[in-house]
Protein chains: 2
Amino acid sequence: MPELLLKSIQEKVSATGQELQVCRSYFTPKKLKKRQFLLQEGDVCNRLAFVEKGALYSYSTDSKGGQHVIQFAFEGWWIADLYSFFTLEPSNLNIEALEDCELLLIDREQHQHLLAEVPKYETYIRLLYQNAYIALQRRVESTVGLTAEAKYNRLLEQYPYIVQQVPLNLIASYLGVTPETLSRIRKQSAK
Amino acid sequence: MPELLLKSIQEKVSATGQELQVCRSYFTPKKLKKRQFLLQEGDVCNRLAFVEKGALYSYSTDSKGGQHVIQFAFEGWWIADLYSFFTLEPSNLNIEALEDCELLLIDREQHQHLLAEVPKYETYIRLLYQNAYIALQRRVESTVGLTAEAKYNRLLEQYPYIVQQVPLNLIASYLGVTPETLSRIRKQSAK
DNA sequence: AAATACGCTTGACATTTATCAAGCCCTTAT
DNA sequence: ATAAGGGCTTGATAAATGTCAAGCGTATTT
């Protein structure tokens, strides 16, 4: 079974079998059941996670106990709190499994080694950041200055599968509105 | 006069004088007067800009003519529409000088060459993306699910100089609120 | 020096969205 | 099989924010 991770690296930087082997050797698998946590608020994020199977999401908690979804991660995506990962400061994010997951993890030291040892891994990571940054900027564009309805419609256009796979209350949180508001928007749009 | 760009590369990846020379040779300087555009909506973004002096900002325009500020760029920062730069699709962003600017530009082909030719440039760019991504994610955290007042206070904490240097109507747009709302928030906070 | 434009503020009012409370369906746990 | 909880919807009301209109000071232009 060719792992998604290796396929992802292969596609983006056409690494050789040899290089892929080396990369793979730095990762360790981990399984997570639905509702289990990969990272909890207050802990330092010590590893990057690649999603082989399943789905996760990250969120912060505000002073009033409200949850704010930062990111979803489906099969073939990465997830972590990069801020905590690089600064070593305690994270204020939680990363939780939306369903049963199979992950490949790499910790800080191994990530550094791999960057130095395999130039194509560095290129892969650069491209990853590049795409992640672009996607995030598009999210900011959607978020700032649009009505709740417009934000929802953009999400539907750009990431229809998110709307299908994820509970609506989390989508509401991702969009920065309450579940009630999202429910009403959907009722409107249905017409 | 040691340019900021070279200093930036030097600091992040400790490049040799030789490497810096090579990097520098790929960039071309450009001056922009206040209110001039580096990129206009509808054009393809063909180059990345490093800000040696001055300040710029990027924004999109919505169907009702409203402006939404996406990013500010001060001395030592980069600015571009990466989405357009990499996809070659026409940009829906404008990039405009907030004040007289001196930039160093690199176009797509030269950027690719440099990435391939100078490994430390690739590392530099990777770190750039990394930091840009982290900063943007923090912005998303601030944007989603906070009141206008809370967003403004976070901006004050994290980037006080933005609030000092940039007209309030642009800050309002950056935060996703109207200038009137921002004005009232500031009045409140003043107490 | 006068005229103009820009940035900011304020007030009155409209609209959007949040909050609180209740109920329903469906899944999961006991 | 029953109970419990999660996810979603709906209604009534409150709070936050937007819109429109006006005015004022300062910088910029002519």
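Residue numbers begin at 1 in each chain, while the letters A, B, ... track the order of the sequences. Small disclaimer: the values here were computed from a predicted structure and weren't measured.
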Please give, in whole Å, the distance from dA27(D) C1' to Glu99(B) CD? 16 Å
Sequence neighbours excluded and cut-off under 3.5 Å, please list the side-chain donor-acceptor pairs for residues 159-167 of chain A, or say none.
none

For residues 145-169 of chain B, pull every pair meeting salt bridge (Lys or Arg N to Asp or Glu O under 4.0 Å), keeping only residues two or more places apart or in separate chains. none
Distance criterion of 3.5 Å, no angle test: do you see the side chain of Arg184(A) paired donor-to-acceptor with the base of dG11(D)? yes
Which pairs pass ring pair (Phe, Tyr, Trp, His ring centres under 6.0 Å) with one or both residues in residues 41-70 of chain B, sequence neighbours excluded? Phe50(B)-Trp78(B), Tyr57(B)-Tyr59(B)
Would a distance-only check, ignoring hydrogens and angles, find a side-chain to backbone donor-acceptor pair under 3.5 Å from Glu75(B) to Gly54(B)? yes
Under 4.0 Å, heavy atom to any atom of DNA chain C: which of residues 164-182 of chain B qualify? Pro167(B), Leu168(B), Asn169(B), Glu180(B)
Take the C1' atoms of the five end pairs on each side of the helix from dA1(C)-dT30(D) to dT30(C)-dA1(D), get both axes, and report the angle to 10 degrees. 50°
Of all of residues 146-158 of chain A, which get a heavy atom below 4.0 angstrom from DNA chain D, listed by number? none
Should the pair Tyr129(B) and Tyr133(A) be assigned to parallel (<30°), tilted (30 to 60°) or perpendicular (>60°) ring geometry? tilted
Tell me the interatomic distance from Lys187(A), atom NZ, to dT17(C), atom P, rounded to whole angstroms. 16 Å
Ser91(A) (side chain) donor-acceptor with Ser84(A) (main chain) under 3.5 angstrom: no
